[in-house]
2 protein chains.
Amino acid sequence: MARWEPDAAGRLREAAMALYAERGYERTTVAEIADRAGVTARTFFRHFADKREVLFAGSEELERRMVEAVLAAPESAGPMDAVAAGVLASGEFFVDRREHSRRRQAVITATPELREREFIKMASLAAAFTDALRKRGVAPEIASLAAETGVAVFRVAFERWVADPQDADITDIMRATLADLSSLTA
Amino acid sequence: MARWEPDAAGRLREAAMALYAERGYERTTVAEIADRAGVTARTFFRHFADKREVLFAGSEELERRMVEAVLAAPESAGPMDAVAAGVLASGEFFVDRREHSRRRQAVITATPELREREFIKMASLAAAFTDALRKRGVAPEIASLAAETGVAVFRVAFERWVADPQDADITDIMRATLADLSSLTA
DNA sequence: TCGAGTGATGTCATTCAGTGACATCACTCA
DNA sequence: TGAGTGATGTCACTGAATGACATCACTCGA
């Protein structure tokens with residue numbers, strides 16, 4: 001018999017999601033999460049930097065994929081087209097995760113501390129987009145503006161997808177949002 | 001003689017800025033800030049919700065002014081024009097505050113926790129813009145997209161202003177940033 | 001097969017953020 | 001002049017987060 005049950009991090013993630021959804025983020029203690037996962041609070045902090053981070057594991061992976069798509073866009077693509085490619089590439093990440101995304105997003109939206117953390121993840125994405133665009137030869141100021149705008153589109157589209165009663169495809173929603181941006185600034 | 005020195009909140013703000021700049025946010029305790037301001041830690045928390053908020057007093061005022069400008073834009077103005085008016089209206093708020101803004105921004109940029117807080121302030125601004133646009137009759141989805149885009153412009157322009165070695169006027173920089181957005185999405 | 005690591009976890013003590021309850025006391029005003 | 005009022009202090013407590021050290025199943029080479 002193994003000394004410890006495997007995948008403590010996974011159990012902690014699930015326990016945290018369940019408790020945050022059940023009784024709210026603020027009224028859940030790390031000790032309770034750890035208990036439910038069968039470990040101690042000290043172990044929680046060995047897997048996650050803080051009480052918020054447990055909901056954001058995997059965001060680096062998403063960011064990595066989106067950045068790759070920006071870099072992989074055709075050379076002829078302008079800055080905004082490259083960013084659009086990055087945004088669209090996020091679609092596959094959410095396949096079959098709509099319900100999970102909805103529950104997770106409900107918890108985050110209800111908790112200022114978690115919203116803060118989500119924003120800094122978006123900022124990290126914007127910085128990564130900026131960097132990728134510069135590598136494509138885009139001027140620094142233009143790169144950051146295009147990146148910020150692209151992230152704004154991603155956020156709005158994601159919100160629309162989560163809220164969509166028709167369960168429309170996320171990629172379609174992203175395309176529509178990008179089109180809205182074009183007509184807005186026309 | 002008054003029982004207490006007046007303007008405890010002001011002294012706390014200054015003490016916090018000084019200490020955060022001197023030795024960094026994380027290595028400054030609330031007790032130290034309170035000490036320097038001549039009050040107790042308990043009093044600190046009566047004036048500011050938490051250790052981060054002390055750097056963001058006044059942001060509601062800025063938001064209020066920007067929203068007013070959105071609402072005051074000519075009826076003929078489109079969503080993006082109205083948002084642009086809001087962004088430009090922030091200019092006067094920063095008159096004669098460039099050096100203060102630079103020091104403050106340096107502290108914030110160096111501290112993830114403070115960056116998180118700054119982002120949620122920007123989100124609040126975006127929500128307020130969205131609301132204002134809806135009051136102007138803009139469709140909800142378009143309103144939020146225009147608002148997010150406007151906030152992106154504000155952030156980029158503010159960063160440019162703080163970093164500008166020429167000390168250019170903030171309003172000019174904002175106009176230029178708005179122009180960049182137009183050509184980007186053309 | 002045995003013994004020296006290794007690594008994930010537990011235990012314990014501590015610092016610090018943040019909050020609730022209650023006391024204090026200069027100042028105000030009827 | 002005495003009953004509030006309000007900003008502050010004091011105290012006790014919860015809970016997040018971290019460092020130091022112990023534990024022990026498992027691995028791997030001699």
Side-chain angles (χ1 to χ4, degrees), chain A residues 1-57 107-108 110-118 120-121, chain B residues 1-57 107-108 110-118 120-121:
Chain A
M1 188 180 87
R3 176 162 192 202
W4 306 287
E5 290 301 309
D7 195 22
R11 294 199 314 279
L12 284 165
R13 271 197 301 272
E14 282 178 29
M17 253 298 286
L19 288 169
Y20 291 170
E22 255 177 50
R23 65 179 79 165
Y25 172 84
E26 282 150 39
R27 282 183 301 170
T28 300
T29 69
V30 170
E32 289 166 344
I33 298 170
D35 267 1
R36 181 175 290 209
V39 297
T40 65
R42 192 66 186 84
T43 291
F44 177 96
F45 289 109
R46 286 200 179 95
H47 286 279
F48 306 100
D50 56 47
K51 193 185 165 187
R52 298 167 277 299
E53 200 63 19
V54 66
L55 273 196
F56 295 91
V107 171
I108 292 174
T111 314
E113 271 183 88
L114 293 173
R115 294 184 61 217
E116 287 189 344
R117 182 54 51 87
E118 187 180 39
I120 213 166
K121 297 296 181 186
Chain B
M1 188 181 86
R3 180 163 188 201
W4 306 286
E5 290 302 309
D7 195 23
R11 294 199 314 278
L12 284 165
R13 271 196 300 275
E14 283 179 29
M17 253 297 287
L19 287 169
Y20 292 169
E22 255 177 49
R23 65 179 79 163
Y25 171 85
E26 283 150 38
R27 280 182 303 171
T28 301
T29 69
V30 170
E32 289 166 344
I33 298 170
D35 267 0
R36 182 176 290 209
V39 296
T40 64
R42 192 66 186 83
T43 291
F44 177 97
F45 289 110
R46 286 200 179 95
H47 287 277
F48 305 100
D50 57 46
K51 193 184 164 188
R52 298 164 277 300
E53 200 63 19
V54 66
L55 273 196
F56 295 90
V107 171
I108 292 173
T111 314
E113 271 184 89
L114 293 173
R115 295 184 62 214
E116 288 189 343
R117 181 55 51 88
E118 186 180 40
I120 214 166
K121 297 297 181 186

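The side chain of A:Lys51 approaches D:dA16 more closely than any other nucleotide in the set D:dT8, D:dA16, C:dG18. In the set C:dA26, D:dT10, D:dA20, D:dT10 carries the atom at the smallest distance from any side-chain atom of B:Arg42. Counting only heavy atoms from C-beta on, A:Asp50 has its side chain closest to D:dA17 among D:dT8, C:dG10, D:dA17. Taking the side chain of A:Phe45 as heavy atoms from C-beta on, and the options D:dT23, C:dC22, D:dA17, the nearest nucleotide is D:dA17. Among the nucleotides D:dG6, D:dG9, C:dT9, the one closest to the side chain of B:Trp4 is D:dG6.
For A:Arg46 and C:dG10, a side-chain-to-base donor-acceptor distance below 3.5 Å is present, hydrogens and geometry of angles not being considered. Residue-to-nucleotide contacts include a donor-acceptor pair under 3.5 Å from the side chain of B:Arg3 to the base of C:dC25.
A salt bridge does not link B:Lys51 with B:Glu113: none of the charged nitrogens is closer than 4.0 Å to a carboxylate oxygen. Between B:Glu5 and B:Arg11 there is no salt bridge, since none of the side-chain N atoms of the basic residue sits less than 4.0 Å from a carboxylate O of the acidic one. Using a cut-off of 4.0 Å between Lys/Arg side-chain N and Asp/Glu carboxylate O, A:Glu116 and B:Lys121 are scored as not salt-bridged.
Phosphate proximity of C:dG18 to B:Arg52: present, with a side-chain N or O under 4.0 Å from OP1 or OP2. Contact annotation: B:His47 side-chain N/O to D:dA7 OP1/OP2 distance is not under 4.0 Å.
At whole-Å resolution of the value, CG in B:Leu12 and C1' in C:dG18 are 15 Å apart. Distance CG (B:Asp7) to C1' (D:dG6): 16 Å, rounded to an integer number of Å. As a whole-Å value, the separation of B:Leu19 CG from C:dA17 P is 12 Å. Rounded to whole angstrom, the span from the CD atom of B:Glu53 across to the C1' atom of C:dT19 amounts to 17 Å.
Considering only heavy atoms from C-beta on, B:Thr43 comes within 4.5 Å of B:His47 through its side chain. Contact of the B:Phe45 side chain with the B:Val30 side chain is registered, since non-hydrogen atoms from C-beta on lie closer than 4.5 Å.
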Would you sort out whether B:Arg36 and B:Glu22 count as a salt bridge (charged side-chain N to carboxylate O under 4.0 Å, His left out), showing the intermediate values? CA-CA 13 Å; B:Arg36 182 176 290 209; B:Glu22 255 177 49; 3.4 Å; yes
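Sorted by residue number, the members of residues 21-41 of chain B with any non-hydrogen atom under 4.0 Å from DNA chain D read B:Gly38, B:Val39, B:Thr40.
B:Thr111 places no side-chain N or O within donor-acceptor distance of the main-chain N or O of B:Leu114, the cut-off being under 3.5 Å.
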